[in-house]
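All remarks here apply to the structure that follows.
When a residue number appears, it is its place in the shown sequence, counting from 1.
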Amino acid sequence: MKPPSSGQISQAAAPNNTQVEPHGALMDGVYRKQRHIYDLTRKYYLLGRDRLLTDLAPQPGETVLEIACGTGRNLARARGLYPQVKMAGLDISAEMLKSAEQTLAQDIATGHVSLRLGDACRFDPVMLFDQQSFDHIFISYGLSMIPDWRGAIHQAVDVLAPGGTLHIVDFGQQEQLPRWFRAGLHRWLGKFHVTPRVELQEAVHAASASVGGTATVKSLYRDYARLAKIERPRDA
(Lines give C-alpha, C1' and ligand atoms only; values in the text may rest on other atoms or scores of the structure.)
Protein backbone atom coordinates (compact mmCIF):
# COMPACT_ATOMS: atom_id res chain seq x y z
CA MET A 1 0.00 0.00 0.00
CA LYS A 2 1.20 3.49 -0.74
CA PRO A 3 1.72 5.38 2.53
CA PRO A 4 0.10 8.81 2.44
CA SER A 5 2.12 11.71 3.68
CA SER A 6 0.60 14.04 6.23
CA GLY A 7 -2.07 16.24 4.70
CA GLN A 8 -2.78 13.97 1.72
CA ILE A 9 -5.95 12.38 3.05
CA SER A 10 -8.32 14.83 1.37
CA GLN A 11 -6.40 14.61 -1.92
CA ALA A 12 -6.82 10.85 -1.84
CA ALA A 13 -10.60 11.13 -1.72
CA ALA A 14 -13.03 9.11 -3.77
CA PRO A 15 -12.66 9.80 -7.51
CA ASN A 16 -15.98 11.63 -7.62
CA ASN A 17 -16.38 13.87 -4.59
CA THR A 18 -20.15 13.99 -5.11
CA GLN A 19 -20.16 10.37 -3.92
CA VAL A 20 -19.04 11.54 -0.49
CA GLU A 21 -21.77 14.18 -0.23
CA PRO A 22 -24.19 14.84 1.36
CA HIS A 23 -23.65 12.14 3.99
CA GLY A 24 -20.03 13.14 4.40
CA ALA A 25 -21.05 16.70 5.14
CA LEU A 26 -23.59 15.47 7.67
CA MET A 27 -20.97 13.35 9.44
CA ASP A 28 -18.50 16.24 9.42
CA GLY A 29 -21.13 18.36 11.14
CA VAL A 30 -21.82 15.70 13.75
CA TYR A 31 -18.17 15.02 14.54
CA ARG A 32 -16.41 18.35 14.00
CA LYS A 33 -16.42 18.84 17.79
CA GLN A 34 -17.42 15.36 18.92
CA ARG A 35 -14.26 13.80 17.50
CA HIS A 36 -12.22 15.37 20.29
CA ILE A 37 -14.13 13.41 22.98
CA TYR A 38 -15.34 10.50 20.86
CA ASP A 39 -13.02 7.80 22.15
CA LEU A 40 -13.38 8.86 25.77
CA THR A 41 -17.18 8.73 25.70
CA ARG A 42 -17.83 5.83 23.31
CA LYS A 43 -15.77 3.27 25.19
CA TYR A 44 -18.65 2.86 27.63
CA TYR A 45 -21.22 1.71 25.09
CA LEU A 46 -19.53 0.58 21.87
CA LEU A 47 -19.22 -2.93 23.26
CA GLY A 48 -17.60 -5.83 21.43
CA ARG A 49 -15.01 -3.85 19.46
CA ASP A 50 -12.00 -5.49 21.07
CA ARG A 51 -13.54 -8.94 20.67
CA LEU A 52 -13.85 -8.24 16.95
CA LEU A 53 -10.20 -7.22 16.78
CA THR A 54 -9.16 -10.44 18.49
CA ASP A 55 -11.27 -12.47 16.06
CA LEU A 56 -9.53 -10.89 13.06
CA ALA A 57 -6.42 -13.03 13.60
CA PRO A 58 -4.57 -11.99 10.41
CA GLN A 59 -1.34 -13.72 9.49
CA PRO A 60 1.92 -11.77 9.08
CA GLY A 61 2.02 -10.09 5.70
CA GLU A 62 -1.75 -10.01 5.22
CA THR A 63 -3.75 -6.84 4.75
CA VAL A 64 -6.56 -5.37 6.86
CA LEU A 65 -9.03 -2.61 6.00
CA GLU A 66 -11.32 -0.84 8.44
CA ILE A 67 -14.38 0.74 6.80
CA ALA A 68 -15.69 3.74 8.75
CA CYS A 69 -12.44 3.94 10.71
CA GLY A 70 -13.39 7.14 12.56
CA THR A 71 -10.73 8.38 14.94
CA GLY A 72 -8.38 5.47 14.23
CA ARG A 73 -8.86 3.95 17.68
CA ASN A 74 -9.50 0.46 16.35
CA LEU A 75 -6.66 0.55 13.84
CA ALA A 76 -4.24 1.63 16.57
CA ARG A 77 -5.29 -1.30 18.74
CA ALA A 78 -5.11 -3.67 15.81
CA ARG A 79 -1.58 -2.49 15.05
CA GLY A 80 -0.61 -3.35 18.61
CA LEU A 81 -2.06 -6.84 18.23
CA TYR A 82 -0.73 -7.52 14.73
CA PRO A 83 2.43 -5.48 14.10
CA GLN A 84 3.41 -7.49 11.00
CA VAL A 85 0.19 -6.68 9.15
CA LYS A 86 -0.40 -3.75 6.79
CA MET A 87 -3.56 -1.81 7.55
CA ALA A 88 -5.78 0.74 5.90
CA GLY A 89 -8.67 2.92 6.99
CA LEU A 90 -11.53 4.49 5.05
CA ASP A 91 -14.03 7.07 6.30
CA ILE A 92 -16.52 9.45 4.75
CA SER A 93 -15.81 12.17 7.33
CA ALA A 94 -12.77 14.34 6.74
CA GLU A 95 -13.16 15.61 10.30
CA MET A 96 -12.84 12.13 11.80
CA LEU A 97 -9.85 11.41 9.60
CA LYS A 98 -8.07 14.40 11.14
CA SER A 99 -8.19 12.58 14.47
CA ALA A 100 -7.20 9.28 12.86
CA GLU A 101 -4.21 10.92 11.24
CA GLN A 102 -3.05 12.19 14.61
CA THR A 103 -3.66 8.86 16.35
CA LEU A 104 -1.78 6.90 13.70
CA ALA A 105 0.87 9.46 12.74
CA GLN A 106 3.83 7.18 13.38
CA ASP A 107 2.31 4.20 11.57
CA ILE A 108 1.41 6.40 8.60
CA ALA A 109 4.94 7.80 8.46
CA THR A 110 6.44 4.28 8.38
CA GLY A 111 4.00 3.05 5.75
CA HIS A 112 2.22 0.54 7.97
CA VAL A 113 -1.14 2.32 7.78
CA SER A 114 -2.88 4.23 4.99
CA LEU A 115 -5.93 6.46 5.49
CA ARG A 116 -8.31 7.60 2.78
CA LEU A 117 -11.49 9.63 2.47
CA GLY A 118 -14.24 7.70 0.72
CA ASP A 119 -17.75 6.29 0.68
CA ALA A 120 -18.15 2.85 2.24
CA CYS A 121 -20.76 1.92 -0.36
CA ARG A 122 -18.69 2.71 -3.46
CA PHE A 123 -14.94 3.01 -3.42
CA ASP A 124 -12.17 1.80 -5.69
CA PRO A 125 -9.49 0.01 -3.62
CA VAL A 126 -6.95 0.27 -6.44
CA MET A 127 -7.35 4.03 -6.76
CA LEU A 128 -7.38 4.66 -3.02
CA PHE A 129 -4.96 2.03 -1.71
CA ASP A 130 -3.16 0.72 -4.79
CA GLN A 131 -4.44 -2.83 -4.29
CA GLN A 132 -7.37 -4.85 -5.58
CA SER A 133 -8.48 -6.58 -2.39
CA PHE A 134 -7.91 -7.09 1.33
CA ASP A 135 -7.47 -10.27 3.33
CA HIS A 136 -9.58 -8.98 6.21
CA ILE A 137 -12.08 -6.14 6.47
CA PHE A 138 -13.95 -4.94 9.51
CA ILE A 139 -16.75 -2.47 10.25
CA SER A 140 -17.16 -1.46 13.87
CA TYR A 141 -20.39 0.40 14.71
CA GLY A 142 -20.44 1.90 11.24
CA LEU A 143 -23.42 0.23 9.58
CA SER A 144 -25.83 1.90 11.99
CA MET A 145 -24.69 5.27 10.59
CA ILE A 146 -24.52 4.42 6.89
CA PRO A 147 -27.77 5.09 4.98
CA ASP A 148 -27.14 2.34 2.40
CA TRP A 149 -25.76 -0.07 4.97
CA ARG A 150 -26.61 -3.15 2.92
CA GLY A 151 -24.65 -1.66 0.05
CA ALA A 152 -21.68 -1.19 2.37
CA ILE A 153 -21.74 -4.88 3.30
CA HIS A 154 -21.84 -5.95 -0.35
CA GLN A 155 -19.06 -3.51 -1.24
CA ALA A 156 -16.89 -4.95 1.53
CA VAL A 157 -17.52 -8.50 0.35
CA ASP A 158 -16.66 -7.47 -3.22
CA VAL A 159 -13.18 -6.29 -2.21
CA LEU A 160 -12.39 -9.29 -0.03
CA ALA A 161 -9.58 -11.50 -1.28
CA PRO A 162 -10.38 -15.21 -1.82
CA GLY A 163 -10.46 -16.82 1.62
CA GLY A 164 -10.81 -13.39 3.22
CA THR A 165 -13.07 -12.46 6.11
CA LEU A 166 -15.40 -9.57 6.84
CA HIS A 167 -16.08 -8.83 10.51
CA ILE A 168 -18.90 -6.60 11.73
CA VAL A 169 -19.92 -5.44 15.19
CA ASP A 170 -22.86 -3.12 15.72
CA PHE A 171 -25.88 -2.50 17.87
CA GLY A 172 -28.39 -5.29 18.30
CA GLN A 173 -32.03 -4.79 19.18
CA GLN A 174 -31.54 -5.14 22.98
CA GLU A 175 -34.42 -7.62 22.98
CA GLN A 176 -33.28 -9.26 26.22
CA LEU A 177 -32.80 -5.96 28.05
CA PRO A 178 -35.46 -3.88 29.84
CA ARG A 179 -37.81 -1.97 27.56
CA TRP A 180 -37.00 1.35 29.25
CA PHE A 181 -33.31 0.80 28.58
CA ARG A 182 -33.92 -0.02 24.92
CA ALA A 183 -36.16 3.02 24.41
CA GLY A 184 -33.71 5.37 26.12
CA LEU A 185 -30.74 4.03 24.17
CA HIS A 186 -32.52 4.42 20.84
CA ARG A 187 -33.49 8.01 21.66
CA TRP A 188 -29.90 8.80 22.58
CA LEU A 189 -28.49 7.15 19.45
CA GLY A 190 -30.96 9.06 17.29
CA LYS A 191 -29.31 12.32 18.33
CA PHE A 192 -26.20 11.14 16.44
CA HIS A 193 -28.04 9.74 13.41
CA VAL A 194 -27.46 6.17 14.59
CA THR A 195 -30.07 3.52 13.76
CA PRO A 196 -29.61 -0.10 14.90
CA ARG A 197 -30.20 -2.35 11.89
CA VAL A 198 -33.07 -4.73 12.56
CA GLU A 199 -32.31 -6.84 9.48
CA LEU A 200 -28.55 -7.13 10.01
CA GLN A 201 -28.58 -10.92 10.24
CA GLU A 202 -30.57 -11.34 7.03
CA ALA A 203 -28.36 -8.84 5.19
CA VAL A 204 -25.16 -10.57 6.30
CA HIS A 205 -26.40 -13.96 5.11
CA ALA A 206 -27.58 -12.48 1.79
CA ALA A 207 -24.20 -10.83 1.13
CA SER A 208 -22.41 -14.04 2.00
CA ALA A 209 -24.63 -16.10 -0.28
CA SER A 210 -23.93 -13.71 -3.16
CA VAL A 211 -20.31 -14.95 -3.26
CA GLY A 212 -20.93 -18.50 -2.06
CA GLY A 213 -19.44 -17.76 1.34
CA THR A 214 -20.33 -18.69 4.90
CA ALA A 215 -21.74 -16.38 7.55
CA THR A 216 -22.34 -16.34 11.29
CA VAL A 217 -24.10 -13.78 13.47
CA LYS A 218 -23.84 -13.83 17.26
CA SER A 219 -25.77 -11.90 19.86
CA LEU A 220 -23.64 -10.27 22.57
CA TYR A 221 -24.54 -8.96 26.02
CA ARG A 222 -28.23 -9.90 25.91
CA ASP A 223 -28.47 -8.63 22.35
CA TYR A 224 -26.99 -5.23 23.16
CA ALA A 225 -24.67 -5.84 20.22
CA ARG A 226 -24.27 -8.29 17.37
CA LEU A 227 -21.07 -9.74 16.00
CA ALA A 228 -21.07 -11.01 12.42
CA LYS A 229 -18.52 -12.72 10.19
CA ILE A 230 -18.51 -13.52 6.48
CA GLU A 231 -15.84 -15.76 4.98
CA ARG A 232 -15.31 -15.64 1.25
CA PRO A 233 -14.41 -19.01 -0.32
CA ARG A 234 -10.82 -19.46 -1.46
CA ASP A 235 -11.83 -20.33 -5.00
CA ALA A 236 -13.96 -17.18 -5.38
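Residues Leu75 and Leu115 meet the side-chain proximity criterion, which asks for heavy atoms closer than 4.5 Å. Residues Val64 and Asp135 fail the side-chain proximity criterion, which asks for heavy atoms closer than 4.5 Å. Looking only at side-chain heavy atoms (C-beta outward), Leu227 and Val217 stay at 4.5 Å or farther from each other. The shortest distance between side-chain heavy atoms of Gln173 and Pro196 falls below 4.5 Å. With contacts defined as side-chain heavy-atom distances shorter than 4.5 Å, the pair Phe138/Asp55 does not qualify. The side-chain heavy atoms of Gln155 and Cys121, taken from C-beta on, include no pair separated by under 4.5 Å. Counting heavy atoms from C-beta on, the side chains of Phe123 and Ile92 never come closer than 4.5 Å. Counting heavy atoms from C-beta outward, Ser133 and Asp158 have side chains that stay 4.5 Å or more apart.
Contact record, Gly72 with Ala100: N-CB, 3.8 Å, taken as the closest heavy-atom pair. For the pair Ala68 and Gly142, the tightest heavy-atom approach, listed with the atom from each and the gap, is CB-CA, 4.2 Å. Closest approach of Ala57 and Tyr82 over heavy atoms only: N-OH, 3.3 Å. The minimum heavy-atom distance linking Arg197 with Ile146 is given by the pair NH2-O, 2.9 Å. Here the closest heavy-atom approach between residue Arg182 and residue Gln174 is recorded as NH1-O, 3.1 Å. Residues Tyr141 and Ala225 come closest through the heavy atom pair OH-CB, 3.4 Å.
The closest donor-acceptor contact from the side chain of Asp223 to the backbone of Gly172 lies at 3.5 Å or more, if one exists at all. Arg232 places a side-chain N or O within donor-acceptor distance of the main-chain N or O of Val157, the cut-off being under 3.5 Å.
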**Asked** Does the pair Arg79 and His112 meet the rule for a side chain to side chain contact (heavy atoms under 4.5 Å, CB included), with working shown?
**Response** CA-CA 9 Å; Arg79 277 287 300 152; His112 291 100; 3.6 Å; yes

**Message:** Walk me through whether Lys229 and Val204 qualify under side chain to side chain contact (heavy atoms under 4.5 Å, CB included).
**Reply:** CA-CA 8 Å; Lys229 177 182 177 181; Val204 165; over 6 Å; no

**Prompt:** Should Ser93 and Leu117 be marked as a side chain to side chain contact (heavy atoms under 4.5 Å, CB included) after you check the CA-CA gap, both sets of side-chain angles, and the distance that decides it?
**Reply:** CA-CA 7 Å; Ser93 170; Leu117 179 70; 5.9 Å; no

**Request:** For side chain to side chain contact (heavy atoms under 4.5 Å, CB included), just list the numbers for Ser144 and Thr195, CA-CA rounded to whole Å, side-chain angles, deciding distance to a tenth of an Å, and then say yes or no.
**Result:** CA-CA 5 Å; Ser144 52; Thr195 304; 5.6 Å; no

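Note: Phe134 CZ to Met87 CE = 11.5 Å, rounded to the nearest 0.5 Å. Put simply, CZ on Phe171 and CG on Leu143 are 12.0 Å apart, with the number rounded to the nearest 0.5 Å. Here the straight-line distance linking atom CD1 of Ile137 with atom CG of Leu166 works out to 6.5 Å at 0.5 Å rounding. His154 contributes atom NE2, which lies 8.0 Å from atom CD1 of Ile230 (distance to the nearest 0.5 angstrom). Taking NE2 of His167 as the reference point, atom CD1 of Ile139 lies at 11.0 Å (rounded to 0.5 Å). The distance from atom CG of Asp119 to atom CG of Asp124, rounded to the nearest 0.5 Å, is 13.0 Å.
In the model, Glu66 has a side-chain atom that pairs as donor or acceptor with a side-chain atom of Asn74 under 3.5 Å.
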For residues 206-216, dump all side-chain donor-acceptor pairs below 3.5 Å to protein atoms at least two apart in sequence or in another chain.
| unit_1 | atom_1 | unit_2 | atom_2 | d |
| --- | --- | --- | --- | --- |
| Ser208 | OG | Gly213 | O | 3.1 |
| Ser208 | OG | Thr214 | N | 3.1 |
| Ser208 | OG | Thr214 | O | 3.3 |
| Ser210 | OG | Ala207 | O | 2.5 |

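Salt-bridge annotation for Glu95 and Lys98: present, with a side-chain N of the basic residue lying under 4.0 Å from a carboxylate O of the acidic one. A salt bridge links Arg73 with Asp50; the closest basic N to acidic carboxylate O contact falls under 4.0 Å.
Under a hydrophobic-cluster definition in which Ile, Leu, Val, Met, Phe, Trp and Tyr are linked whenever side-chain heavy atoms come within less than 4.5 Å, directly or via other members, Val126 and Leu128 are assigned to different clusters. Linking Ile, Leu, Val, Met, Phe, Trp and Tyr whenever their side-chain heavy atoms come within less than 4.5 Å puts Leu220 and Leu189 in one cluster. In the hydrophobic clustering of this structure, Tyr221 groups with Leu177; members are Ile, Leu, Val, Met, Phe, Trp, Tyr whose side-chain heavy atoms approach within less than 4.5 Å, directly or through other members.
The side chain to side chain donor-acceptor pair (under 3.5 Å) search around Gln59 returns none, not counting sequence neighbours. Taking Glu62 as the reference, His136 meet the side chain to side chain donor-acceptor pair (under 3.5 Å) condition, with sequence neighbours excluded.
Between Tyr224 and Phe181, the ring-plane angle classifies as tilted under the 30° and 60° cut-offs.
A 6.0 Å sphere centred on CD of Gln106 holds no more than 12 heavy atoms belonging to other residues, nucleotides or ligands.
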